[in-house]
Enquirer: 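Dumping the structure here so I can ask a few things about it.
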2 protein chains.
Amino acid sequence: MVGAARNIEPPYFAVIFTSQRTEGDKGYEVMSNKMVELASKQKGFLGIESARDRELGITISYWDSLESIKSWKENSAHKVAQDKGKREWYKNFSIRVCKVERHRFFEM
Amino acid sequence: MVGAARNIEPPYFAVIFTSQRTEGDKGYEVMSNKMVELASKQKGFLGIESARDRELGITISYWDSLESIKSWKENSAHKVAQDKGKREWYKNFSIRVCKVERHRFFEM
């Protein structure tokens, strides 16, 4: 989903999730798709962008407020995925909560 | 570079660059590596994280201030790369300037 939150005027919020995976899928792909679907139904969700290569994965979700981010963090199905992530899928990860102050989109 | 800006207490700043590429390399790889090297020598640079798959590329650079971001944007070698990006490498891209309000790092 390129150009997520394109129609929203800043400020809005972004959660930057970067991770390094362990070897093997172990149910990751299915759960990952499920989480994107679930997130997109949450109140205040504005879009998601994701890329992964051999070294690193980056997923950025966009939200209308810190309250919406908090609700998503505490969603029970998401909590199950978070626990599984810590136990099985990730070697390490980081989470950053950011306020998007300005944006520009370019189409060539 | 996972855990970029790990030793820096928020707030600091992030530039989220997402893009879809045109077909073929056309000098992209060499220029991309050169830009990372150049950025890392700029005043106020705190780190960079990047991932690309078939659909999307995401690069996030971290900075100590909006002034440092502005200086990097106006760096002359970087400007040449920006122009070439618009002409040859990208189908579309977006740039978001964000204030990182909090972060957490996890090692399993």
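Naming convention: chains lettered A, B, ... in sequence-line order (proteins, then strands); numbering from 1 in each chain.
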Enquirer: Which residue out of B:H103, B:R102, B:M108, B:R96 racks up the most heavy-atom pairs below 4.5 Å with chain A?
Expert: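 Looking at each of B:H103, B:R102, B:M108, B:R96 in turn, B:R96 comes out on top.
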Enquirer: Quick check on the interface: out of A:I58, A:L66, A:V15, A:V100, who has the most heavy-atom pairs with chain B under 4.5 Å?
Expert: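 Heavy-atom pair counts peak at A:I58.
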Enquirer: Which atoms of A:Y62 come close to chain B, meaning under 4.5 Å heavy atom to heavy atom: side chain ones, backbone ones, both, or neither?
Expert: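 The answer is the side chain of A:Y62.
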Enquirer: Can you tell me how far CZ of A:F106 sits from CD1 of B:I95, rounded to the nearest 0.5 angstrom?
Expert: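 Going from CD1 on B:I95 over to CZ on A:F106, the span is 5.0 Å.
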Enquirer: Determine the option with the most heavy-atom pairs under 4.5 angstrom with chain A, choosing from B:A51, B:A14, B:P11, B:P10.
Expert: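 Result: the option with the highest number of such pairs is B:A51.
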Enquirer: Around atom NZ of B:K26, are there more than 12 heavy atoms from other residues, nucleotides or ligands closer than 6.0 Å?
Expert: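 Counting other residues, nucleotides and ligands, NZ of B:K26 exceeds 12 neighbours.
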Enquirer: As an exercise, state the distance from CD of A:E55 to OG of B:S50, rounded to the nearest 0.5 Å.
Expert: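 Taking CD in A:E55 and OG in B:S50, the distance rounds to 9.0 Å.
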Enquirer: Just verifying a value: how many Å separate A:T18 OG1 and B:I60 CD1, rounded to the nearest 0.5 Å?
Expert: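 Reported value, rounded in 0.5 Å steps: 7.0 Å.
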Enquirer: Is chain A contacted by the side chain of B:F17, its backbone, both, or neither, given a heavy-atom distance below 4.5 Å?
Expert: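 Contact with chain A involves no heavy atom of B:F17 at all.
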Enquirer: Less than 4.0 angstrom from a charged side-chain N to a carboxylate O is my criterion; do B:E107 and A:K86 meet it?
Expert: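 A:K86 and B:E107: not salt-bridged.
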Enquirer: Is the shortest side-chain heavy-atom distance between A:R104 and B:F93 below 4.5 Å?
Expert: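 They are not in contact (no side-chain heavy atoms under 4.5 Å apart), so the answer is no.
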Enquirer: Applying salt bridge (Lys or Arg N to Asp or Glu O under 4.0 Å), can you list everything that pairs with B:E74, at least two apart in sequence or on another chain?
Expert: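 Salt bridge (Lys or Arg N to Asp or Glu O under 4.0 Å) check on B:E74 returns nothing, list empty.
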Enquirer: Minimum heavy-atom separation for A:L56 and B:E49, please, with both atom names.
Expert: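 The pair with the smallest heavy-atom distance is CD2-CB, 3.9 Å.
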